[in-house]
Amino acid sequence: MREFESSNETPTTPVMPPQPERFGTLISASPIMQLAFARLEQAAQHDRHLLIEGERGTGKGVAAAAVHERSSRRDGFLDVIDCAGSALEVEELLFGRGERQGALERCHRGTLVLDEIGALSRGTQRTLVRALEQKSVRRRDAIVPADVRIVALSCRNLRLDVNSDRFAADLFELIGAARVRLPPLREHPEDVPLLVAHFLGAHDAAASQAGIQLLGAEMLQQLRAAAWPGNVRELRAYIESAILGDGAPPSEDSQPPLIDTSKSMRDARQRWLRYFERSYVAELLTQTNGNVSAAAVLAGVDRVYMHRMITRCGLRSVLAKSR
């Protein structure tokens, strides 16, 4: 976890960030991100497949969910497939097997998010091209409709992969008809104060001692100057660590905490926040049958962050039972 030097003196006037623009739960006040938002908004208004590229932690999954919610397919099913699994497992998830329905069939008239599509095997890529062109899949002896919009996510530049023959050109032509790149945080450091205030506000911690310190001019300057290779996700993890600390997660049989007036309001609030987070994540895992990617989409967060919440809440055993 990052450590930044801070003064013992409490800043008297916190730095107030500018008003942001939003796309779903993504926020920004920088021109480069607002251009990306405009392109995502434009992509949401048509029905072509979409490719969202960007480094890890830039918010690709959150953007994909927002595109679905703004599209004409918003009433259809939304599912997420992590393409980085084994080829056989991914192919079964996509196309189904036997009585098991695949994601393409399930998302008929809806949206299917393919996370790290560049990891698909070449055989699966060819089968996917046929399914998208024919808007149907074969399961057992039947041809079933699969009119699906693909929102593909990639940390890599797939155009380079096509040029080096690591990704099928015909699949790239299908999914890359519309492309949006989400820039890394180092390309819009002016958003750091805004993001810090946003993450503090999500935990009602802007007025806490940690919040006041984080919003101080000297601290924000250090945060802006940091590299943040994990981008917005890493910044959010740092802020939440500063607020909540790294205490042990609540036990599996946690009950709603009693109001304890012997504790400060801040400590009592954090205890309720921990209880809420665990209950919320547990319910998401129940609704999605342990599909972490789908739970992340429903929560409006990325998959890695959802995994972090599952661990923090002590829900690994619950996740294992659901599989």
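In this text, all values refer to a predicted model and were calculated from it rather than measured experimentally.
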Between Trp228 and Leu223, does a side chain to side chain contact (heavy atoms under 4.5 Å, CB included) hold up when you go through it step by step? CA-CA 9 Å; Trp228 303 114; Leu223 294 175; 3.7 Å; yes
[atom1]-[atom2] distance between [X] and [Y], expressed to the nearest 0.5 angstrom:
X      : Y      : atom1 : atom2 : result
Leu171 : Arg122 : CG    : CZ    : 9.5 Å
Met33  : Phe23  : CE    : CZ    : 10.5 Å
Arg224 : Leu185 : CZ    : CG    : 10.0 Å
Arg149 : Arg73  : CZ    : CZ    : 7.5 Å
Ile175 : Asp170 : CD1   : CG    : 10.5 Å
His203 : Ile239 : NE2   : CD1   : 10.0 Å

Would Tyr305 and Val232 count as a side chain to side chain contact (heavy atoms under 4.5 Å, CB included) here? Give the steps. CA-CA 11 Å; Tyr305 183 69; Val232 177; over 6 Å; no
Can you name the nearest heavy-atom pair linking [X] to [Y], along with the distance?
X      : Y      : result
Asp79  : Arg106 : OD2-NH2, 2.6 Å
Val148 : Leu132 : O-CD2, 4.5 Å
Leu284 : Ala299 : CD1-CB, 3.6 Å
Glu105 : Val137 : CB-CG2, 4.3 Å
His198 : Thr25  : NE2-O, 4.5 Å
Pro31  : Glu190 : CD-OE2, 3.8 Å

Indicate, with yes or no, if [Y] and [X] share a hydrophobic cluster defined by side-chain heavy-atom contacts under 4.5 Å among Ile, Leu, Val, Met, Phe, Trp and Tyr.
X      : Y      : result
Leu160 : Leu182 : no
Leu174 : Leu153 : no
Val180 : Val297 : yes
Ile150 : Phe172 : yes
Leu51  : Phe37  : no

Is it the case that more than 12 heavy atoms not belonging to Arg74 sit under 6.0 Å from its CZ atom?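 More than 12 within 6.0 Å, yes.
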State, without any angle test, whether [X] and [Y] hold a side-chain donor-acceptor pair at a distance under 3.5 Å.
X      : Y      : value
Asn231 : Thr58  : no
Glu41  : Gln45  : yes
Arg166 : Ser164 : yes

Given side chain to side chain contact (heavy atoms under 4.5 Å, CB included), test Arg233 with Glu55 step by step and report yes or no. CA-CA 11 Å; Arg233 178 195 301 151; Glu55 295 179 7; over 6 Å; no
Sequence neighbours excluded and cut-off under 3.5 Å, please list the side-chain donor-acceptor pairs for residues 90-97, or say none.
residue, atom, partner, partner atom, Å
Glu91, OE1, Thr124, OG1, 3.1
Glu92, OE2, Arg100, NH1, 3.1

Sub-4.5 Å side-chain heavy-atom contact between Arg179 and Asn157: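 Yes - at least one pair of side-chain heavy atoms lies under 4.5 Å apart.
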Any heavy-atom pair between the side chains of Leu40 and Ile52 that's under 4.5 Å?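 Touching, per the 4.5 Å side-chain cut-off.
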Derivation and outcome, salt bridge (Lys or Arg N to Asp or Glu O under 4.0 Å), residues Glu187 and Arg181: CA-CA 12 Å; Glu187 292 184 12; Arg181 174 182 176 268; 2.8 Å; yes
Pair Leu298, Met306 - check side chain to side chain contact (heavy atoms under 4.5 Å, CB included), show working. CA-CA 10 Å; Leu298 291 175; Met306 177 57 67; over 6 Å; no
